[in-house]
Amino acid sequence: MPFEDLAERVAEVGERLAAAARRGGRGNRAIIVAVTKTHGADAVHAAWSAGIQDVAENRVQEAVPKMRAAQLPLRWHLIGHLQRNKVKHLDGFEMLQSLDSLRLADAVDHYARDRGAVMDVLVQVNASGEQTKGGFEIAALAEAAAALTERRSLRVRGVMTMAPYTEDERVLRATFSAARAGCDVLRQAGHPATELSMGMSNDYEIAVEEGATCVRLGTILFGARSS
Ligand SMILES: *Cc1c(COP(=O)(O)O)cnc(C)c1O
């Protein structure tokens, strides 16, 4: 059976999350969002069997068939860049974690309003200043936060960030605490921004110490990706 020991891994990660939250002393609790990209619907089923309730994909084209194949009451999160002409594929997603521009915000806002719905989103922030990373710069967040209050069919629930690929703990902590400050900026603008989606397989414990409420884990749960 593929992903045979997944339940054990989920239990172990769960313990590490709890311990990291205690060390951090911030009163946060982090949920696991299982990142199933490049894996098949069998990974989605295995995650569900292991007690996972949230799964994420970074491309809608890959997510939608898996969502249909799995037919499970999971919460789906989109964590990769979404092109504006693909917003209709958000149907079935619980949350767009990768809101990376105001133009995309407009497109999603229109999509949600047309359906008489409200879409939960996280604002993707580039907290490390790396040129290659998408999302809003921290310095641009106050202005974006104000502009987003006018997009009435979006509910801005917090921020999502990706740290640089490094083992340098100072760099990781600086990135995560900048994202946390970014979330405060959204809250100050009146958004119900309580979620901090940060931490991946290699840095999730530090992210939780820094206040993460959601860690996005692929490799540590499912093994290395083939593509
Ligand atoms: C792939 C991906 C992850 C998971 O990464 P792992 O290192 O495999 O845990 C998390 N977040 C985003 C945005 C991703 O694209």
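Quick note: numbers below take in every heavy atom, side chains included, and nothing from hydrogens, waters or symmetry partners. As the structure lists them, so they are numbered: ligands from 1, and atoms in each ligand from 1.
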Looking only at protein heavy atoms, what sits closest to atom 11 (N) of ligand 1 is Arg216 NE, 2.9 Å

Do any nitrogen or oxygen atoms of Ser201 come within less than 3.5 Å of a nitrogen or oxygen of ligand 1? yes

Might you point out which heavy atoms bring Ala178 and Ile138 nearest each other, and give the distance in Å? O-CD1, 3.4 Å

Between His39 and Phe3, is the gap from one ring center to the other below 6.0 Å? yes

Nearest heavy atom to atom 14 (C) of ligand 1: which of Lys37, His81, Met160 does it belong to? Lys37

I'd like to check Met67 versus Glu57 (side-chain heavy atoms, cut-off strictly below 4.5 Å). Are they in contact? no

Give the minimum heavy-atom separation between Val60 and His89, together with the two atoms involved. CB-CB, 3.8 Å

Atom 13 (C) of ligand 1: the protein heavy-atom neighbour that sits closest, reported with distance to 0.1 Å: Ile79 O, 3.5 Å

For ligand 1, note which part of Thr219 has a heavy atom under 4.0 Å away: side chain, backbone, both or neither. both

Going through the distances and angles, do Glu210 and Arg26 end up as a salt bridge (charged side-chain N to carboxylate O under 4.0 Å, His left out)? CA-CA 8 Å; Glu210 293 297 330; Arg26 298 178 185 281; 3.5 Å; yes

Could you check atom 5 (O) of ligand 1 against the protein and tell me its nearest heavy-atom contact, residue, atom and distance included? Met200 CE, 3.5 Å

Any chance the side chains of Glu195 and Thr213 put a donor and an acceptor closer than 3.5 Å? yes

Specify the closest pair of heavy atoms between Asn202 and Thr166, including all atoms of both residues, with the distance to one decimal. ND2-O, 4.3 Å

Using distance alone, decide if ligand 1 has a nitrogen or oxygen within less than 3.5 Å of any nitrogen or oxygen in Gly218. yes

Do any heavy atoms of Gln97 fall under 4.0 Å from ligand 1? no

Can a non-hydrogen atom of Asn58 be found less than 4.0 Å from any atom of ligand 1? yes

Distance filter under 4.0 Å to Leu217 heavy atoms, resulting ligand 1 atoms: 9 (O)

